[in-house]
Amino acid sequence: MATSATICELSQHVGQTVTLRGWLYNSRSSGKLMFLVVRDGTGLCQCVLEKTDATAGLFETARRLGQESSLAVTGTVRADPRSPGGHELAVSDVVIVQNAAGYPITPKAHGVEFLMQRRHLWFRSQRQWAILRVRHTVVEGIRQYFNEHGFILIDTPIFAPAAGEGAQTLFAVDYFGEPVYLAQTGQLYVEAAMMAHRKVYCFGPTFRAEKSKTRRHLTEFWMVEPEIAYADIDDVIALAEDFVEFVVRKCLRERRTELEMLGRDLAKLEAVRKPFYRLTYSQAAEILHSDRVRQMLIADLEQAKARVAELTKLIADKEAERTAAGVKEWKADKLAQEIMDARDELADQEEAVHNIPHHIELAANFEWGSDLGGSDETIIARLHEKPVFVTHYPRACKAFYMKRNADDPRIVNNLDLLAPEGYGEIIGGSQREDDLNVLLERLKEDGLKEADYEWYLDLRRYGTVPHGGFGLGVERTVAWICGLKHIRETIPYARMMGRIYP
RNA sequence: UCCCCGAUAGCUCAAUCGGUAGAGCACCCGGCUGUUAACCGGGUUGUUGUAGGUUCGAGUCCUACUCGGGGAGCCA
């Protein structure tokens, strides 16, 4: 009777006979030798079945197994560098749990829509498997950091009576005949709890009805929001910096294999060490207006254009070569693949050629007083190889609860953290306005009803202190750490504009 | 709300100027004892997103709509 084992622990069973229970990921056969690539949730293992008189029946059965058939494979473990994972199984028995036929996600290329429509199956693919394991570690890192630093977890409500900020971006829900909204932040609630526990955080899903169809947006995403008492903006920045460094280093430590599977450039993550860069909003505005940025974007545009021309020619050449008479079939296949890759890149580069002139204009015409746009953030982040804090925005483009700057009343003590490599804003936060009268003034300025915020104003009436906090978006952070092009792969079931299935 | 792009076999994509819709993969049969999205030979595969229009003739041109992708605004 063979002992059962999981693939991730095979190195401890070399020379032993074990049983793996999992699913058939892929199989290849060459006459009298068959390779069954099995996954069991902990990894992949190549199982080798030799056709002998004794295994002839087994061989025939295994040959007919469809992709993702569930099975138990028994065999002897041996180390072999040719197997994914480094160990393989010399098969002595295969027990079929279910022979699955027609699994739709083949080892070949598929489009995004096809895969998103089959998200419930896509999880099984290696790349998705790796991403969700990194997500797990990011989430664990978040909890670990705050729990180990004396923060108390406060769960904030998902049904919220009114807007925290702009009401236009909220999902309305019928609550026994009353309109309520799905929370887009727990911040105000967490501030109240902070006055009781000094250091607190909330962590959960949050909802935004923004009609944004971009690679950075979800309508339902996870956010962690710490809040600390007796703190000014510098204390909040120091916390954010220490926290982000911790999460990145934990992933590098515990998910190196997965990050490598994703092809992540680990050197870029290794560089994420304190201190991060700091810019004020006014400095960022100056940078956007600078000739340096203009030249950089023009160079980008020229490069993208050159690349488009290059790729167009490359595709035409390869296409001609592929369809020419007398081309070997394997060569034609290889060319077809190269053409496909080139087309993907061409689409991206054409997009860039289309967008960059607009981005140049946005940067050049940037006016002090308006918020930084997505493309502006990308420009600022691209000039730095580590995360960048942008601080002290004009108060007109920020929420009412942000602390007015003592030296310059036009600005507030807020902070955004921009991830490098164009991943955009992963943190937004601020020191909070602790002065009751200034807060009342700001409510009025923003046209908000004082009555809706009575309980919040109590926090300024009874023992107000300087305090602050921030929110970190989990999915954007995971996309950055994994080096993904799109945020939709960082959450098990993405909720986006126009996607609510499965 | 606005701008750009797309929809052809189960999947990924071709189809020149408007002229008989095609390839690879998947699947089935056969071959192959070290494969790595294995490979080689043979076979099966279509309401060209929907509705209308132009034309002798539309996958191709025009209009509207639906769905999807990317971007602006907004934002984590």
Side-chain angles (χ1 to χ4, degrees), chain A residues 25-37 44 46 48-52 59 64 66-67 80-84 88 101-118 126 165-166 168-169 184-185 206 208-219 221-225 319 322-323 328-330 332-337 339-340 343-344 347-348 350-356 358-359 361-362 370-375 377 397 416-419 423-429 470-480 485-488 496-499:
Chain A
Y25 193 71
N26 193 13
S27 68
R28 294 178 282 275
S29 157
S30 76
K32 297 201 174 86
L33 191 62
M34 196 183 313
F35 301 93
L36 301 169
V37 180
L44 280 186
Q46 172 167 288
V48 188
L49 178 57
E50 284 183 41
K51 190 176 186 178
T52 62
F59 198 90
R64 294 174 189 285
Q67 199 188 338
D80 192 313
R82 290 170 296 186
S83 171
E88 65 177 24
Y103 185 72
I105 303 176
T106 67
K108 305 289 174 178
H110 298 286
V112 176
E113 193 189 351
F114 181 84
L115 293 168
M116 284 303 284
Q117 207 63 22
R118 290 157 186 80
Q126 280 293 281
E165 301 166 42
Q168 262 188 334
T169 59
Q184 59 172 352
T185 171
T206 165
R208 305 267 167 104
E210 291 155 8
K211 292 188 173 176
S212 302
K213 289 178 70 171
T214 83
R215 60 186 76 187
R216 299 190 306 277
H217 285 87
L218 295 168
T219 53
F221 64 95
W222 281 62
M223 185 160 69
V224 60
E225 296 175 272
E319 193 63 42
R322 188 179 71 89
T323 51
K328 289 273 187 292
E329 198 144 335
W330 67 267
D333 282 357
K334 187 163 172 283
L335 286 165
Q337 178 58 62
I339 290 167
M340 226 150 107
R343 278 214 181 87
D344 274 355
D348 279 356
E350 280 176 338
E351 184 78 33
V353 169
H354 180 252
N355 286 329
I356 289 171
H358 188 48
H359 293 168
E361 211 175 308
L362 284 172
S370 52
D371 210 344
L372 290 172
S375 60
E377 287 177 350
C397 64
D416 281 357
L417 181 64
L418 309 181
Y423 282 93
E425 189 181 340
I426 57 169
I427 278 180
F470 62 83
L472 171 124
V474 170
E475 288 75 18
R476 285 187 184 176
T477 304
V478 174
W480 165 49
K485 209 173 136 188
H486 202 296
I487 198 171
R488 69 186 144 218
M496 300 179 291
M497 211 186 140
R499 176 159 307 280

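Lettering follows sequence order; numbering is per chain, from 1.
Per the geometry, CD1 belonging to A:I487 stands 7 Å off C1' belonging to B:rA76, to the nearest Å. Taking atom CE on A:M34 and atom C1' on B:rU35, their separation rounds to 12 Å, with Å as the unit. Atom CD of A:E50 is separated from atom P of B:rU35 by 14 Å (rounded to the nearest Å). Look at CG on A:D416: it is 10 Å from C1' on B:rA76, rounded to the nearest Å. Between A:I105 atom CD1 and B:rA37 atom P there is a gap of 18 Å when expressed in whole angstrom units. At whole-Å resolution of the value, CZ in A:F59 and P in B:rG34 are 12 Å apart. Between the P atom of B:rC75 and the CZ atom of A:R476 lies a distance of 11 Å, rounded to the nearest Å. Going from atom NE2 of A:H217 over to atom P of B:rA76 covers 9 Å, rounded to whole Å.
Remark: A:H110 engages A:F114 in a ring-ring contact (aromatic ring centres under 6.0 Å, His included) (not counting sequence neighbours). Take A:E50 and apply the side chain to side chain donor-acceptor pair (under 3.5 Å) test, not counting sequence neighbours, and it matches no residue. In this structure A:D371 satisfies the side chain to side chain donor-acceptor pair (under 3.5 Å) test with no other residue, sequence neighbours excluded. A search for side chain to side chain donor-acceptor pair (under 3.5 Å) contacts involving A:E475 returns A:R135, not counting sequence neighbours. The side chain to side chain contact (heavy atoms under 4.5 Å, CB included) search around A:R488 returns A:V112, A:M116, A:H486, A:A494, A:M496, not counting sequence neighbours. For A:Q67, the side chain to side chain contact (heavy atoms under 4.5 Å, CB included) test picks out A:Y103, A:T106, A:P107, with sequence neighbours left out. In this structure, the side chain to side chain contact (heavy atoms under 4.5 Å, CB included) partners of A:H359, at least two apart in sequence or on a different chain, are A:N355, A:L362, A:S375.
Straight-line distance between the C1' atoms of B:rA58 and B:rA15: roughly 14 Å, to the nearest whole Å. For the C1' atoms, the distance linking B:rA51 with B:rG43 amounts to 38 Å, nearest Å. Distance noted for atom P between B:rU16 and B:rG34: 45 Å (whole Å). The separation of B:rG24 from B:rU8, taken at their C1' atoms, amounts to 15 Å, rounded to a whole angstrom. Comparing B:rC13 with B:rG19, their C1' atoms are spaced 23 Å from each other, to the whole Å. When the P atom is used for both B:rC62 and B:rG46, the distance is 29 Å, rounded to whole Å. Nucleotides B:rU47 and B:rA9 are separated by 8 Å at their P atoms, to the nearest Å. Comparing the same atom, P, in B:rG69 and in B:rC56 gives a spacing of 40 Å after rounding to whole Å.
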What is the per-nucleotide protein-contact pattern of nucleotides 42-49 of chain B, from the 5' end, where B denotes a base atom under 4.0 Å from a protein heavy atom, S denotes such proximity for sugar-phosphate atoms only, and - denotes neither? --------
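Comparing atom distances between the A:N26 side chain and each of B:rA37, B:rU35, B:rC75 picks out B:rA37 as nearest. Distances from the side chain of A:V48 to the nucleotides B:rG34, B:rC75, B:rG73 place B:rG34 closest.
Taking each heavy atom of A:I487 and A:R476 in turn, the nearest pair found is CD1-CG, 3.7 Å. The heavy-atom pair separating A:M497 from A:T219 by the smallest distance is N-CG2, 3.9 Å. For the pair A:S27 and A:L36, the tightest heavy-atom approach, listed with the atom from each and the gap, is CB-CD2, 3.8 Å.
Annotation: side chain of A:F221 is in contact with side chain of A:R208 (closest heavy-atom distance under 4.5 Å).
Evaluation of atom-type donor-acceptor distances gives a pair under 3.5 Å for the side chain of A:S212 against the base of B:rC74. On a pure distance criterion of 3.5 Å, a polar donor-acceptor pair joins the side chain of A:E88 and the base of B:rG34.
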Each nucleotide N or O in nucleotides 9-11 of chain B that has a protein N or O under 3.5 Å away: list the pair and distance.
from   : atom 1 : to     : atom 2 : distance (Å)
B:rC11 : O2'    : A:A109 : O      : 2.8
B:rC11 : O2'    : A:H110 : ND1    : 2.8

Sort me out a list of protein N/O and nucleotides 66-71 of chain B N/O pairs below 3.5 Å, or just none if empty.
from   : atom 1 : to     : atom 2 : distance (Å)
B:rG68 : OP1    : A:G498 : O      : 2.5
B:rG70 : OP1    : A:H486 : NE2    : 3.0
B:rG70 : OP1    : A:R488 : NH1    : 3.4
B:rG70 : OP1    : A:R488 : NH2    : 3.3
B:rG70 : O3'    : A:R215 : NE     : 3.4
B:rG70 : O3'    : A:R215 : NH2    : 3.2
B:rG70 : O2'    : A:E351 : OE1    : 3.2
B:rG70 : O2'    : A:E351 : OE2    : 2.5
B:rG71 : OP1    : A:R215 : NE     : 2.5
B:rG71 : OP1    : A:R215 : NH2    : 3.4
B:rG71 : OP2    : A:R215 : N      : 2.7
B:rG71 : N7     : A:K213 : O      : 3.2

Using a cutoff of under 3.5 Å, can you pull out all pairs of nitrogen or oxygen atoms linking the protein to nucleotides 29-32 of chain B, with atom names and distances?
from   : atom 1 : to    : atom 2 : distance (Å)
B:rC29 : OP1    : A:R64 : NH1    : 3.3
B:rC32 : N3     : A:G31 : N      : 3.0
B:rC32 : N4     : A:G31 : N      : 3.2

Encoded 5' to 3' (Watson-Crick or G-U under 3.5 Å; [ ] crossing; | other strand), RNA chain B becomes (((((((..((((.....[..)))).(((((.......))))).....(((((..]....))))))))))))....
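Residue-nucleotide stacking is not present for A:F35 and B:rG34, judged by a side-chain ring centre under 5.5 Å from the six-membered base ring centre and planes under 30° apart.
Across all strands, A:E475 comes closer than 4.0 Å to no nucleic acid atom at all (heavy-atom distances).
Here CZ of A:R64 is found 12.0 Å from CZ of A:F59. Values are rounded to the nearest 0.5 Å.
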